[in-house]
J.: 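Before we start, here is the structure in question, set down as structure tokens.
Chain A is the first sequence line, chain B the second, and so forth, proteins listed ahead of strands; every chain is numbered from 1.
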Amino acid sequence: MRDVYILGVGTTKFGELWDLSLRELASEAGLKAIMDAGIYAEDVDALYGANTSGGQFVDQEQIAALIADYSGITELNIPSIRIEAGSASGGAALMQAYLAVKSGQYSTVVVGGVEKMTDVPSEVATEIIGGSLDAEWETFFGATECSIAAMIARRHEFEGKAKRENYAMLPVISHKHASMNDTSHFKNVIKIEDVINASPVAEPLTVFDNAPISDGASALVISADLKKINNASHPIKIKSSSAANDFLSLHDRKSVDSFRAVKKSSDSALSLAGLDIGKIDALEIHDSYSIAALIQLEEILGKDAVKMTEGNDFYFNSSKPLNVSGGLKAHGNPLGTSGLYQAVEATVQLRGKAGQRQVKDPRNFLIHNMGGLGTTSVSTVIGVD
Amino acid sequence: MSEVPRFWRESRHRYRLVGTRCTNCDTLYFPPRVICPTCRRESVGKMKEEEMSGAGEIYSFTVVHDGLEQFKMQIPYVMALVKMKEGPFLTAQIVDCSPEEVKIGTKVTATLRKVRSEGKAGIIQYGYKFTICP
Ligand SMILES: [Zn+2]
């Protein structure tokens, strides 16, 4: 089947953006991606919109129709469909858009994600985020998503797989990288003690183990049409995209301190791309919670991952750059947008345009987006040949 | 929008810890399921309801400091993954103890309690919580 390329990318700043509405955020990112691609609305065959909980955050459904409408493309009757897979919505939408282009039905597609989270108080946001759990058998009894992450952390530590410092290190790395990224929610650098000693949310996790509540939108233009590529000598390709799922609730899984869906989707994405993990120059993973990030690394990189948190391997200028964007933790976590921003970052890095946080001559990025805590897993390989 | 029918539907299972056993592979599931995830279509028509004893032990836990609006008054509260004597795991609060008493491996037993209420003066919803065995 034919190859699929990334023609253009666009993103808003992430953070508490009180003066911007959901529709304004979405059209800003979409327009930037279209301008970056150098195409016109007439060139777009379809739009895929990623959004996790717009119905609850801003009382809006049919979000893809709204995005298309306020991006000014509705006169062309472009099909616009929303994809929802919890906080993996962005990754899932990217995968659907990729498959649609690869299939041959569409030539050029816009895929955009948006989430407007800060219009509701933070307790309400916590409740909406908990919508990715089982409403009848987890949330009903008082579980929050962070409390589930905390129970994973407690058992993981009890099994002797890692120490507190191993996963407390991951927010430190994300903050360092975010400090060099203009669109980051947070630009402050933190230390490992800051993470461990911050106020507790669900023990042992503190506020610094949690990604923030952010507003933001990101979009990409993807296409099979090489003639549309400005810089056709160095095209950036989506080499593969693969998904896997596990039981919705942690209490139904065979193991509560591993994410088997992550292993499945990342192994499959690597195999479809014809690469092994050694050929991946940098990773963007779903660090919604520090412990979730560590377990993803164990699944993707193997058991060495824990040891690697003790050295400098994961910094942008080291052997296995991790979350060079700043990750969900520090660049921000507008739920349904996260997977698309990961793809934006990979593209910017592969173009060599990431400024201070530029990874040296990367050829392949693996990005991993996750719904809930290991429930939905989408892995995508983006690279150059 | 009323949540009453939605939560009433599961109340029997919540009050009495009723799960379902797949008689094809002899595995007990809680929460109840219509289809066994191991036997899949082989289990159709072979899932039988079964009540659990309420005895279990703590497999993992956390002390929640920043929680849902409905549970604000209880903060800090203990959430746990409980491994039931009969095999299934479930997610529940541990009550009537100080957080320091809760450890992995602690034996607990189920008790019927008020879990939350719908709205400010609304309908009270009951379900299981667990207490530490003396
Ligand atoms: Zn069975």
J.: If you check every heavy atom in residues 127-134 of chain B against those of chain A, which residues fall under 4.5 Å?
T.: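 Hits under 4.5 Å: B/G127, B/Y128.
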J.: Does a donor on one side chain and an acceptor on the other come within less than 3.5 Å for A/S53 and A/E115?
T.: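 No - no donor-acceptor pair under 3.5 Å links their side chains.
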J.: Side chain, backbone, both or neither: which part of B/V115 has a heavy atom under 4.5 Å from chain A?
T.: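 Answer is side chain: those atoms of B/V115 sit under 4.5 Å from chain A.
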J.: With only heavy atoms counted, which part of B/Y29 is less than 4.5 Å from chain A, the side chain, the backbone, both or neither?
T.: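 For B/Y29, there is no contact with chain A at all, as no heavy atom is under 4.5 Å.
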J.: Taking side chain as everything from C-beta outward and backbone as N, CA, C, O, which of these in B/F61 sits under 4.5 Å from a heavy atom of chain A? Side chain, backbone, both or neither.
T.: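 Contact with chain A: backbone and side chain both.
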J.: Considering only heavy atoms, which portion of A/D257 lies under 4.5 Å from any heavy atom of chain B: side chain, backbone, both, or neither?
T.: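 A/D257 has no heavy atom closer than 4.5 Å to chain B.
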J.: Between B/E57 and B/K83 (salt bridge meaning N to carboxylate O under 4.0 Å), is one present in this structure?
T.: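 So B/E57 does not pair with B/K83 through a salt bridge.
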J.: Name the option with the most non-hydrogen atom pairs under 4.5 Å to chain A; the candidates are B/D66, B/T62, B/I75.
T.: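 Looking at each of B/D66, B/T62, B/I75 in turn, B/T62 comes out on top.
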J.: May I have the step-by-step check of ring pair (Phe, Tyr, Trp, His ring centres under 6.0 Å) for A/H185 and A/F14, ending in yes or no?
T.: CA-CA 5 Å; A/H185 188 152; A/F14 284 13; 8.6 Å; no
J.: Give, as side chain, backbone, both or neither, the part of B/P37 having an atom under 4.5 angstrom from any heavy atom of chain A.
T.: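 Contact with chain A is through the side chain of B/P37 alone.
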J.: Does one side chain, of A/S214 or A/N333, offer a donor that lies under 3.5 Å from an acceptor on the other?
T.: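 Note: A/S214 and A/N333 side chains miss the donor-acceptor criterion.
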J.: If the contact rule is any heavy atom under 4.5 Å from chain B, which residues of residues 198-210 of chain A qualify, in numerical order?
T.: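 Residues of residues 198-210 of chain A touching chain B at under 4.5 Å: A/P200, A/V201, A/A202, A/E203.
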J.: Indicate the ring-plane relationship of B/H13 and A/W137, choosing parallel, tilted or perpendicular according to the 30° and 60° boundaries.
T.: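 Taking A/W137 first and then B/H13, their aromatic rings stand perpendicular (interplane angle over 60°).
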J.: Under 4.5 Å from any heavy atom of chain B, what part of A/S122 do you find: side chain, backbone, both or neither?
T.: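 The answer is neither part of A/S122.
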J.: What I want to check is whether the side chains of A/E127 and B/Q70 have a donor and an acceptor closer together than 3.5 Å.
T.: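 Checked: A/E127/B/Q70 side chains show no N/O donor-acceptor pair below 3.5 Å.
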J.: Passes salt bridge (charged side-chain N to carboxylate O under 4.0 Å, His left out), B/E49 versus B/R21? Steps please.
T.: CA-CA 6 Å; B/E49 291 205 341; B/R21 181 175 296 276; over 6 Å; no
J.: State plainly whether the residues A/K161 and A/E298 are in salt-bridge range, i.e. N to O under 4.0 Å.
T.: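 Between A/E298 and A/K161 there is no salt bridge, as every charged N stays at least 4.0 Å from the carboxylate O atoms.
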J.: Is it the backbone or the side chain of A/E159 that comes under 4.5 Å from a heavy atom of chain B, or both, or neither?
T.: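 For A/E159, side-chain heavy atoms alone lie under 4.5 Å from chain B.
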J.: Side chain, backbone, both or neither: which part of B/R113 has an atom under 4.5 Å from a heavy atom of chain A?
T.: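 Looking at B/R113, nothing touches chain A.
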J.: Salt bridge or not for A/K254 and A/D246, using N-O below 4.0 Å?
T.: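 So A/K254 does not pair with A/D246 through a salt bridge.
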J.: Would you please say whether a donor-acceptor pair under 3.5 Å links the side chains of A/H368 and A/E299?
T.: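 Not at all, the side chains of A/H368 and A/E299 share no donor-acceptor pair under 3.5 Å.
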J.: For a quick check under 3.5 Å, do A/S268 and A/S265 share a side-chain donor-acceptor pair by atom type?
T.: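 Result is no, nothing qualifies.
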J.: What are the two closest non-hydrogen atoms of A/T139 and A/G130, and how far apart are they?
T.: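 Nearest heavy atoms, A/T139 then A/G130: OG1-O, 3.6 Å.
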